Amino acid sequence: MLTRSYHPLTRIAYGLAGVVLFVLLWKAVGAFGWVNPGILPDPFLLPETFLLEWQSDRFLPAVGSSLVHYVWGLGLGALSGILVGLAAATLQRFDMLQSYVSRILRPIPPLAWVIFAIAWFKVSHAGAAFVIAIGVFWVNYFATYSAVRNIDPRFYELARSFGQGGYWRRSVSITLPAIAPGLLSGIRTGIGQAWMTMIAAELLGVPGMGQEMNAAAGVGAYDAVVVYMLAISVMYAATDLLYLLIERKVLSWRP
Amino acid sequence: MASVIEFDGLAYTHPGADAPVIQDLSLDIEAGSFIAVVGGSGVGKSTLLRAAAGLVTPEAGEMRFNLPQRPGRRRRAIVFQDSRLLPWRTVDENIAYGLETLGIDKAESAARVAEALQLTGLEELHDRWPHQLSGGQAQRVGIARALAVKPDILLMDEPFSAVDAMTRRKLQTELIRIWQSTQSAVMFVTHDIDEAVYLADRVVVLGNRPATVVENLQIDLPRPRDRNAPEFAAYVTHLSAWLGVE
């Protein structure tokens, strides 16, 4: 596709216009009675719903609770995925040892582990964090593994020539910096993946936004459901922004 | 004068190949001297250099480093054909790469980097990232990185073959100046006879398959050398005959 270079303000204007059009279409679907208004909330009433949720003192604790298992799940999942991926990609015997195990475990969807999460951790932050961590683990494991495999072998030759050929020297001076871009993109995918599994993980009853959504849906308060959906969207954008700031700092050497 | 490195009856076969690329190759490089190694493509010039660098292990023969190992220095340092800078390190940090395992303190390391920057004329670029450098500048950083470890011998694998002709001439002139201000010997692999005659005290021609030394020619020309002098041309003609080029 041929792309013209538009002024940034023009781009922003188009983006906002798209949002307005989307909301108007949404409103029209309800206003013209194309669907049952009971199952499609009026977008114009959402600010009011948000205010009510906020004042009910349920919103912030739910967000806070979600963040607790989000951060633990993401952190532990990413850390263990990176470590195992790194070990598998750099230690051949370990790689052979883990190859079938990872092939067996990999296809199991994170949500299938909800059952064991409840059995092992009861209904707790740990249980939800565990389910989140599993999804994040695989994303980071594969990102790290393939990043190590894609390192230009000529860098290792350089390391040997300049006295940095030992395992640790080489890992610190070549492997880790070389995989940083791949590693970070794995973490970014994990950030998104964690938000997605989080809501489902909370359906097992751990307090959080997912549980609030479930509770609201139970009483037909679909407008409240949408408020939580939008809250997730905003928080995802915030974590992604935080990621981009860190990436810019860590990968400042890239053109 | 003592020799810095001696190859004695060296042989090497590439993995999977059925014939050796070099066999029974002997060569002696004097300390502080500049040796150019020329030969047709695939003859084993780079293999010989990589053996000297310790990157391939010869299957027969011996390689002797005759100078005593000195603390804070390396016996050999290599300059690759591609500059092979680490893209996540600045120029300074790239030059310091070989110093990090030499057991020298920070001040000494900084002084070595500064000296290498100055020798290669890179002072102003010291905090740049590799992607901000031209091909010629990157190659200088590669040279500075090797010089920083104060090697007994500098191993250069067609280091100027990827830069344009103008830059190449300039780098050749500078290399001579740099070499004269250090005590390092240089083993310079090239396929360019003109370059070899311009740079080297001795030009070694590899030939035959498997390769051995077929000519070892002293270049008795004063420096700086004049590429247009008839004596220069005579050396080039003589060496070209060995390589079958006119």
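Proteins come first, then strands; the chains are lettered A, B, ... in the order of their sequence lines, and each starts at number 1. From a predicted model like this one, the values you see are computed outputs, not experimental measurements.
Both the backbone and the side chain of Ile174(A) come within less than 4.5 Å of a heavy atom in chain B. Interface remark: Arg145(B) contributes backbone and side-chain atoms alike to the contact with chain A (heavy atom separation under 4.5 Å). For a residue to count as touching a neighbouring chain, one of its non-hydrogen atoms must lie under 4.5 Å from one of that chain's; by this rule Arg169(A) touches chain B with the side chain only. Of the atoms belonging to Arg74(B), it is side-chain heavy atoms, and not backbone ones, that fall under 4.5 Å from chain A. With a threshold of 4.5 angstrom between heavy atoms, Ala180(A) does not approach chain B through any atom at all.
Interatomic distance, Trp88(B) CH2 to Leu176(A) CG, rounded to the nearest 0.5 Å: 10.0 Å.
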| task | Check step by step if side-chain contact (heavy atoms from CB on, under 4.5 Å) holds for Arg50(B) and Glu157(A). | result | CA-CA 10 Å; Arg50(B) 290 165 60 79; Glu157(A) 200 178 75; 2.8 Å; yes
| side-chain contact (heavy atoms from CB on, under 4.5 Å) between Leu86(B) and Leu158(A): does it pass, once the steps are laid out? | CA-CA 9 Å; Leu86(B) 299 174; Leu158(A) 172 76; 3.7 Å; yes
| field | From CA spacing to verdict: side-chain contact (heavy atoms from CB on, under 4.5 Å), Phe162(A), Ile78(B) | value | CA-CA 8 Å; Phe162(A) 284 87; Ile78(B) 187 166; 4.2 Å; yes
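Contact residues of residues 89-112 of chain B toward chain A are Arg89(B), Tyr97(B), Gly98(B), Glu100(B), Thr101(B) (heavy-atom distance under 4.5 Å). Interface with chain A: from residues 52-61 of chain B, residues Gly54(B), Leu55(B) qualify, criterion being any non-hydrogen pair under 4.5 Å.
Residue Gln92(A) places its CD atom among 12 or fewer non-hydrogen atoms of other residues, nucleotides or ligands, all under 6.0 Å distant. Applying the 6.0 Å contact sphere to CZ of Phe94(A) captures more than 12 heavy atoms from other residues, nucleotides or ligands. Residue-environment remark: CD (Glu123(B)) exceeds the threshold of 12 foreign heavy atoms within 6.0 Å. Within 6.0 Å of CE in Met166(B) there are 12 or fewer heavy atoms belonging to other residues, nucleotides or ligands. Atom CE of Met196(A) is surrounded by 12 or fewer heavy atoms from other residues, nucleotides or ligands within 6.0 Å. Heavy-atom contacts from other residues, nucleotides or ligands closer than 6.0 Å to OH of Tyr167(A) number more than 12.
Two residues are said to be in side-chain contact when any heavy atoms from C-beta on lie closer than 4.5 Å; Trp253(A) and Pro130(B) fail this criterion.
In this structure, Arg84(B) contributes its side chain and Arg154(A) its backbone to a donor-acceptor pair below 3.5 Å.
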